[in-house]
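The block underneath contains the structure these notes are about, expressed in structure tokens.
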Amino acid sequence: MKKLLNILKYALLLAFSGALMVYAVRGQDLSRIGQHMMEANYFWMGLTVIISAMGYFSRAYRWKMQIDATGNKPSYWDVYHAMMVGYLANLVLPRLGEVLRCSVLRRTSGVPVQVGVGTMITERIIDVLVLLLVLSATLLLQFDKFWSFVTSLFSDKYQSIAQNETTLLIAALIIVVLLVLTGYLLFRNLERLRQHALFNRLISFVRGLLAGIFSIRKLEHKGLFLLHTVFTWSVYYFMGYLAFFAFPATHNLGAMAALAVLTFGTFGMAAPVQGGIGVYHLLVQSTLLVYGVSKEAGIAYALVVHGTQTLLVVLMGGISFVMSMIKSGRAARQLAVEPIPATVALDVE
């Protein structure tokens, strides 16, 4: 039953992505979209591929710094391959990659899954903070241009929340009461719970998770960590900016437009759908409309940029998947042929 529900959930997300793609091209001249894509100068797209690969290498090194701070010392390539396998998995099943890359790293380097998940949570928190900073810069530097866009995008949701304010307050109160009651019951039965192996395993998992989350406090080179963070986000920015030069309709757009595409495109990629399909395209198309780019040219830009990056992830992730499987297979064979210690042999006798 659980498998059926998961399949249904992912099928609905894929259908949602498809519906957004249909909405993005609805009422447009498909031949003009194709023409914009054919006229693109793919030399510039090649440059975006090169700098994107550099961004992945940098992001993997940043993740390794976090894991090293927990006391685990995996090799750089094990970390990189695990990360790319995760990105590859996200193209198929959204959010699966976050768990899968920690599982792959455990198999290849022995890093506990909970530690990997903890470092990944810290990584996501940092990225969210950077995204909020970029969003603030976009809106402050181009307030008049984007205020109407943002309000039109979210106005219906704000009105809906305002109309149901009492219901939301009651729901929040119920949640708080349930949390307090749960905490009280756990405290009252703490000694009894400690006698259960499942509870102790859960406590161990949470401790490992917290060790991963707070690993940033133990970083040996915080400045280098910050440098890799800035470099990674600079790569995201220049990916969009260089892609402008590939299309006649966008080659005159400047740095501020690239900042806007980075901001709203990142929100699209963060959506819980396969590879940001549909959401990314719609948001980038809408953003470019603000700068006078036609819908056909905007969706062509989004299709080519997203498609190029998807092919890169498939290539790099596919190679990493093969390398990780080879490494985990070697580790399993080594463990299988490892001699039994003498003390264990004596105990068996």
Side-chain angles (χ1 to χ4, degrees), residues 40-63 65 83-84 87 90 123-143 145-146 149-150 153 223-271 275-277 279-293 297-313 316:
N41 185 342
Y42 285 91
F43 165 79
W44 293 104
M45 299 312 302
L47 289 181
T48 66
V49 167
I50 293 173
I51 66 170
S52 295
M54 295 170 60
Y56 287 126
F57 292 140
S58 176
R59 196 173 185 91
Y61 191 84
R62 188 182 75 163
W63 190 29
M65 292 178 67
M83 184 190 76
M84 292 310 304
Y87 285 141
N90 279 336
E123 183 185 55
R124 289 291 180 265
I125 292 173
I126 293 171
D127 286 337
V128 168
L129 293 175
V130 174
L131 178 58
L132 291 176
L133 181 63
V134 173
L135 175 63
S136 301
T138 301
L139 296 179
L140 287 174
L141 295 174
Q142 306 173 85
F143 184 81
K145 187 179 289 292
F146 274 97
F149 170 70
V150 174
L153 196 62
L224 185 60
F225 181 87
L226 178 61
L227 180 63
H228 278 284
T229 300
V230 173
F231 178 79
T232 300
W233 279 88
S234 297
V235 164
Y236 296 156
Y237 172 81
F238 282 107
M239 278 168 42
Y241 181 68
L242 291 177
F244 283 165
F245 297 102
F247 299 87
T250 58
H251 77 280
N252 288 325
L253 297 181
M256 291 296 101
L259 186 65
V261 168
L262 167 65
T263 303
F264 295 104
T266 302
F267 278 112
M269 292 302 296
I277 297 173
V279 184
Y280 172 85
H281 299 80
L282 186 61
L283 286 177
V284 169
Q285 181 193 48
S286 301
T287 302
L288 291 176
L289 272 173
V290 177
Y291 293 92
V293 179
I299 195 64
Y301 172 92
L303 285 168
V304 171
V305 171
H306 187 273
T308 303
Q309 295 303 313
T310 300
L311 289 175
L312 178 63
V313 170
M316 298 177 70

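Keep in mind that what you see is a predicted model, and the values were worked out from it rather than measured. The figures that follow rest on heavy atoms only: side chains count, while hydrogens, waters and symmetry mates do not. Positions are given from 1, in the same order as the sequence printed here.
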task = For Y42, enumerate each residue passing the side chain to side chain contact (heavy atoms under 4.5 Å, CB included) test, keeping only those at least two apart in sequence or located in another chain.
result = M37, A40, M45, V304
key: V305 to A243 - nearest heavy-atom pair and separation   = CG2-CB, 3.7 Å
Per-pair distances, 0.1 Å, donor-acceptor, side chain in residues 255-262, under 3.5 Å, sequence neighbours excluded:
none

task = For V49, enumerate each residue passing the side chain to side chain contact (heavy atoms under 4.5 Å, CB included) test, keeping only those at least two apart in sequence or located in another chain.
result = T308, L312
ask   = What pairs with Y87 under ring pair (Phe, Tyr, Trp, His ring centres under 6.0 Å), at least two apart in sequence or on another chain?
value = Y56
request  = Search all heavy atoms of P248 against all heavy atoms of A246 and return the closest pair with its distance.
outcome  = CD-O, 4.2 Å
ask   = How far does OG of S58 sit from CD1 of I51, to the nearest 0.5 angstrom?
value = 12.5 Å
note = Of all heavy-atom pairs linking V279 and G268, the shortest is CG1-CA, 3.7 Å
Interatomic distance, D127 atom CG to W233 atom CH2 [nearest 0.5 angstrom] = 5.5 Å
task = In sequence, state the C-alpha distance, the side-chain angles, and the governing distance for N90 and V313, and then conclude on side-chain contact (heavy atoms from CB on, under 4.5 Å).
result = CA-CA 10 Å; N90 279 336; V313 170; over 6 Å; no
task = Could I get the full list of side-chain hydrogen bond (donor to acceptor under 3.5 Å, both in side chains) partners for N252, not counting sequence neighbours?
result = none
ask   = For T232, which residues count as a side-chain hydrogen bond (donor to acceptor under 3.5 Å, both in side chains) partner, sequence neighbours excluded?
value = none
Any residue meeting ring pair (Phe, Tyr, Trp, His ring centres under 6.0 Å) with F245, in chain and number order, not counting sequence neighbours = W44, Y241
note = dist L282:CG -> T287:OG1 (nearest 0.5 Å) comes out at 9.0 Å
request  = Test side-chain contact (heavy atoms from CB on, under 4.5 Å) on L253 and L288 and set out the steps.
outcome  = CA-CA 9 Å; L253 297 181; L288 291 176; 3.8 Å; yes
remark   = Residue set satisfying side-chain hydrogen bond (donor to acceptor under 3.5 Å, both in side chains) with T266, at least two apart, ordered chain then number -> none
key: Between CE on residue M84 and CZ on residue R59, distance to nearest 0.5 Å   = 11.0 Å
request  = Please list, chain by chain and in numerical order, all residues satisfying ring pair (Phe, Tyr, Trp, His ring centres under 6.0 Å) with Y301, sequence neighbours excluded.
outcome  = F244, F247
query = Considering residues, nucleotides and ligands other than F238, do more than 12 of their heavy atoms fall under 6.0 Å from its CZ?
reply = no
ask   = Rounded to the nearest 0.5 Å, how far does CZ of R62 lie from CG of L227?
value = 11.5 Å
remark   = Residues I299 and Q285: closest non-hydrogen pair is CB-NE2, 3.7 Å
task = Check the pair Y61 / L224 against side-chain contact (heavy atoms from CB on, under 4.5 Å), numbers first and verdict last.
result = CA-CA 10 Å; Y61 191 84; L224 185 60; 3.8 Å; yes
ask   = Looking at residues at least two apart in the chain, or sitting in another chain, which of them share a side-chain hydrogen bond (donor to acceptor under 3.5 Å, both in side chains) with T263?
value = T138
query = Is M54 close to F231 at the side-chain level, that is, under 4.5 Å between some pair of heavy atoms?
reply = yes
key: With H306 via ring pair (Phe, Tyr, Trp, His ring centres under 6.0 Å) - residues at least two apart   = Y280, H281
